[in-house]
There are 2 protein chains.
Amino acid sequence: MIASNTSCIVERFSSFTPLNETETKLLAALESDPREYADGACLAEPGSRANRFFTLKSGWACATRTLANGQRQILDIFLPGQILGLREMSFEYNLSEFRALTNLVACPFPRQHLSDIFEQSPKLTDLFFMTLAQEQSMLIERVVNIGRRTAAERLAHFIVELKVRLNQTSEQFSLPLKQSVIGDTLSLSSVHVSRTFKTLNQRGLITMADGVVRINDLDALVEFAGFDRSYLEGHCHWTKNIDMAAAAS
Amino acid sequence: MIASNTSCIVERFSSFTPLNETETKLLAALESDPREYADGACLAEPGSRANRFFTLKSGWACATRTLANGQRQILDIFLPGQILGLREMSFEYNLSEFRALTNLVACPFPRQHLSDIFEQSPKLTDLFFMTLAQEQSMLIERVVNIGRRTAAERLAHFIVELKVRLNQTSEQFSLPLKQSVIGDTLSLSSVHVSRTFKTLNQRGLITMADGVVRINDLDALVEFAGFDRSYLEGHCHWTKNIDMAAAAS
DNA sequence: CGTGGGGTTGATTCTTATCAATTCGGGTGG
DNA sequence: CCACCCGAATTGATAAGAATCAACCCCACG
């Protein structure tokens with residue numbers, strides 16, 4: 001059976017700016033076709049035509065690139081409410097592969113739905129622009145993370161980022177990822193991820209058991225990771241102008 | 001004195017889709033205020049209000065992040081015709097620093113100009129969306145590069161990418177970057193960049209002298225770097241629909 | 001001539017990958 | 001309930017890649 005029928009996307013977007021009925025309907029169209037995918041299932045192949053995107057309703061997914069020598073790099077971890085493949089929109093073919101990291105429910109929708117939104121609602125267009133910009137800043141943080149931080153700092157940063165993105169207020173949350181997946185995200189071997197968890201544990205920063213991370217000392221962890229949450233905080237700036245323009249006309 | 005008065009942005013955008021007079025004028029407004037900056041000059045500080053962007057008319061620039069411990073990571077290398085800070089648009093404050101890598105000419109413009117464009121031209125909005133998506137795919141390629149390739153592969157990939165972005169058809173081009181800058185881009189020490197140039201040279205792939213790279217065997221270099229140019233090739237998909245809609249109304 | 005910045009080279013150290021062996025935990029089938 | 005299997009996690013030993021440190025060269029520029 002298929003999970004909840006509230007729209008994750010509408011929920012997320014309306015947290016930035018109020019949406020009218022038309023806008024809500026346009027967005028809801030993106031989530032009209034919920035389907036289940038099993039852990040490990042592939043939602044889109046690299047190189048296939050980029051004419052279908054997904055909204056993620058529940059579960060975790062990722063975008064990956066696989067190199068000729070078989071090495072894998074995970075580019076994004078997607079959480080419910082996100083759109084899979086937004087950046088591929090401007091490309092003829094998918095550059096990356098989209099894969100389920102847990103059992104999940106996602107809604108495929110054709111490119112045309114996005115085109116409709118761009119034609120009909122400048123406000124929503126802005127919000128999509130913002131979404132893309134936010135994704136980009138996460139990517140930048142990943143470049144910094146992989147390029148300039150040690151294994152322990154990377155893992156600490158990764159955990160804090162997830163905690164913030166999950167909107168977790170309690171000091172523990174479920175992390176349903178294999179260590180090999182975490183490794184492919186942070187450019188570490190799975191073996192070293194294991195070691196690094198141990199290190200963070202020994203430093204008294206986190207405890208990991210049964211797929212649940214417990215953050216013992218958030219401030220220390222944030223400090224240790226060099227984490228600055230501002231890169232996750234997108235704004236919708238010019239929407240007001242557009243609203244005013246619309247009201248004036 | 002200030003360089004050429006043709007608009008780089010108009011040129012770049014019109015290579016994707018034809019622009020009418022209004023659109024050209026809107027874009028040209030972004031380049032109305034050319035200014036010179038010296039090599040090493042800082043165009044925008046991290047943490048400052050993100051209300052001013054730049055178009056780059058000539059010279060090279062970069063976006064960087066500096067960590068608490070002083071390490072630096074270069075996030076983008078900007079070439080003429082690009083916009084500096086597009087992704088910061090959805091943020092209240094700049095996340096990164098923008099710095100001149102050569103003497104250059106750039107045109108600052110206020111956020112309002114972009115807002116105007118978004119309000120007045122869905123077609124240009126699409127093109128900006130595409131630009132952002134293209135930047136994002138370059139960033140992804142950088143993640144893969146830093147995360148999963150050896151120093152020699154990274155440098156090879158970097159050089160091929162620049163060659164393609166510069167639209168260079170000849171087998172050599174000017175690379176006005178210090179090795180420390182290349183290192184900060186590829187997450188290598190400047191010392192190791194030096195060594196890596198030597199390695200590539202010994203393999204007969206490139207020759208570097210006097211700030212000029214000569215590519216001896218492009219096919220071999222592309223093969224060695226694992227380079228696939230498709231990530232640089234953005235498309236403008238739904239513009240046609242919008243044109244048709246506009247024509248119909 | 002000095003001086004200084006960038007580039008090169010060699011020696012050493014550190015971090016992380018790789019390989020191999022072992023443990024742990026969750027199914028499955030007898 | 002137990003034996004078995006399998007994938008994941010852990011641990012240790014070793015090796016490779018890149019950083020760091022230090023010395024030196026080269027050259028442009030005063």
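All values below were derived from every heavy atom in this structure, side-chain atoms included, with hydrogens, water molecules and symmetry-related copies excluded. Fair warning: this is a prediction, and the values are worked out from it, not measured in the lab. In what follows, every chain begins at residue 1, and chains take the letters A, B, ... in the order their sequences are listed.
Heavy atoms of A/S187 sit under 4.0 angstrom from primed sugar atoms or phosphate atoms, though from no base atom. Looking at heavy-atom distances under 4.0 Å, A/V193 makes no contact with the nucleic acid at all. Counting non-hydrogen atoms under 4.0 angstrom, B/S190 reaches nothing in the nucleic acid.
Distance CG (A/N69) to P (C/dA17): 14 Å, rounded to an integer number of Å. Counting to the nearest Å, the C1' atom of D/dA18 and the CG atom of A/L188 are 15 Å from each other. Atom NZ in A/K178 sits roughly 15 Å away from atom C1' in C/dG25 (whole-Å rounding). Between the CE atom of B/M208 and the P atom of D/dC26 there is a distance of 18 Å, rounded to whole Å. If you take CD of A/Q179 and P of D/dT11, they are 10 Å apart, rounded to a whole angstrom. If you take CZ of A/R154 and P of C/dT16, they are 6 Å apart, rounded to a whole angstrom. Put simply, CD1 on B/I146 is 15 Å from P on C/dT16, counting in whole angstrom units. For the pair A/H192 NE2 and C/dC19 P, the interatomic distance rounds to 16 Å; values are reported in whole Å.
Close to D/dT10, at under 4.0 Å from its OP1 or OP2, lies no side-chain N or O of A/K198.
By the neighbour-count criterion of 12 heavy atoms within 6.0 Å, atom CD of B/E45 is sparsely surrounded, having that number or fewer from other residues, nucleotides or ligands.
Distances were taken from every side-chain heavy atom of A/S189 (C-beta onward) to each of D/dA9, C/dT18, D/dA19; the shortest belongs to C/dT18. Checking D/dG12, D/dA22, C/dA17 against the side-chain heavy atoms of A/V191 singles out D/dG12 as nearest.
Ionic pairing of B/R149 and B/E141 is present here: one or more N-O contacts between side-chain nitrogen and carboxylate oxygen are shorter than 4.0 angstrom. Salt bridge annotation for A/R148-A/E153: absent, with no cationic side-chain nitrogen under 4.0 angstrom from a carboxylate oxygen. Electrostatic pairing of A/R49 and A/E92 counts as a salt bridge here, judged by a charged N lying under 4.0 Å from a carboxylate O.
Counting only heavy atoms from C-beta outward, the side chains of A/D76 and A/Q82 never approach each other to under 4.5 Å.
Contact annotation: side chain of B/R195 to base of D/dT20, donor-acceptor pair present below 3.5 Å.
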